[in-house]
Amino acid sequence: MEMNRRETLALAAGAAAIGALGAAAPAAAQMGGARRLGSKEKVAYWVATVTPCDARGQFDPGAMKAVMEWHQKCGADGVVVLGTSGEFPSFSVAERKLVTETAMKHKGNMNIMVGPGTPNIVETIDLAKHAQSVGADGLLVIPPFYFNQPPTEGLIHYYTQLFEAVSIPINLYHIPGTSEVAITIELLKAMMKYPHLAGIKDSSGNAEGFAEFLKGFPELNMRCGTSNNLIPAVEAGMGAILADGNMFSDKSADIFKTYRAKGDWKAKLAHLRAAGGIMRDHNMGANTYAAMKYVLSLRMAKEGGGGPMMYARTPYPQLNDAQKASLKAGLDKVMAMPA
């Protein structure tokens, strides 16, 4: 079927955009040197932060500043901006750039990773180059989601264009239950030629699969994204990116502080898991994003001397009064737990 003039021009423009984006940075394959992981320490805690919105559903820069300051106060080593907990697909490219810029202004001494992933390589590279330009320490890049497990050859081509376009450390995001696209051993091996392949975040929750990642790539930072895999991650000298940090950044940070002090960090992990269990019991069907933001708002208001109320971004609904009351009761139980 023949293309009309508009379709032909659109195709040409897309090809030109990919070429321009890729040509703007030195080819990463030609950059030598040691592997760049993007952080001084591997065994570290990054919070997969929420993206605060006001009651109208608009990004709230003032609340983002407060959230960043809260995580630093709690002892987080780093923050992942615009990951799954950050509702990244719900924001436009322009909004995502604003979120990134706001987070970077208030990073303090924390390590910042940004999620630039989209289903198309042009916008992914655009967002990745923007994150690099404002000083992000690394990227966490979900594969092109919606497409149900593209062939490895296609994923290699997708990530190759990204690695060639930017030079900051890149982590691949393995969350196949959501993205429908797995990060495979074969794909990682293909990307190992790039010294700025830093590692992954594994949010699959699959213990056997995570063990294979740890065994196959000890030189990378194979971060876990679920608490059930945190013990093997830490014991293998790896870090973690935790959504639990939105409600309990202090408890999450305590695990890693205690590990570095050679204390009983597994007891701290058990404490975090117990807190999470209480909150799940009090969830009452609330969506994850609204619940995390509400509990974080409560904690910041009570313990931080004030703080903004934060809301979920559409298409997720806000909490009803019963859900709020139940989550508050659960939080009260958690805060009454022995340290």
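A quick note: this is a predicted structure, and the numbers were derived from the prediction, not measured.
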Test: [X] and [Y] ion pair at under 4.0 Å:
| X | Y | value |
| --- | --- | --- |
| R299 | D250 | yes |
| K97 | D126 | yes |
| D60 | K293 | no |
| D332 | K328 | yes |

Starting from [Y], can I reach [X] by hopping between I/L/V/M/F/W/Y residues whose side chains sit under 4.5 Å apart?
| X | Y | answer |
| --- | --- | --- |
| I231 | F248 | yes |
| V93 | L82 | no |
| I175 | F147 | no |

Mind checking whether [X] and [Y] have side chains closer than 4.5 Å, heavy atoms only?
| X | Y | answer |
| --- | --- | --- |
| P144 | I121 | no |
| L187 | I156 | yes |
| M292 | L296 | no |

Are there over 12 heavy-atom neighbours, none belonging to [X], within less than 6.0 Å of that residue's [atom1]?
| X | atom1 | result |
| --- | --- | --- |
| E235 | CD | yes |
| Y316 | OH | no |
| E153 | CD | no |

Next on the checklist: Over 60° means perpendicular and under 30° means parallel, so tell me whether Y259 and W265 are parallel, tilted or perpendicular.
Outcome noted: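 Perpendicular, since the angle between the ring planes exceeds 60°.
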Item to check | Whether F256 and Y45 hold their rings parallel, tilted or perpendicular, with breakpoints at 30° and 60° | outcome: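 Judged by the thresholds at 30° and 60°, the geometry between F256 and Y45 is parallel.
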Checklist entry - Which of these passes side chain to side chain donor-acceptor pair (under 3.5 Å) with E69: K73, K65, H71? => result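 The option that passes is K65.
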Checklist entry - Hey, are S90 and Y289 close enough side-chain-wise for a donor-acceptor pair under 3.5 Å? => result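 No - no donor-acceptor pair under 3.5 Å links their side chains.
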Next on the checklist: Any donor-acceptor pair under 3.5 Å linking the side-chain atoms of Y294 with those of Q318?
Outcome noted: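 Distance-only check fails for Q318 and Y294.
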Next on the checklist: Going by the rule salt bridge (Lys or Arg N to Asp or Glu O under 4.0 Å), which residues pair with E101 if we only count those two or more places apart in sequence or in a different chain?
Outcome noted: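 So E101 forms no salt bridge (Lys or Arg N to Asp or Glu O under 4.0 Å) with any residue.
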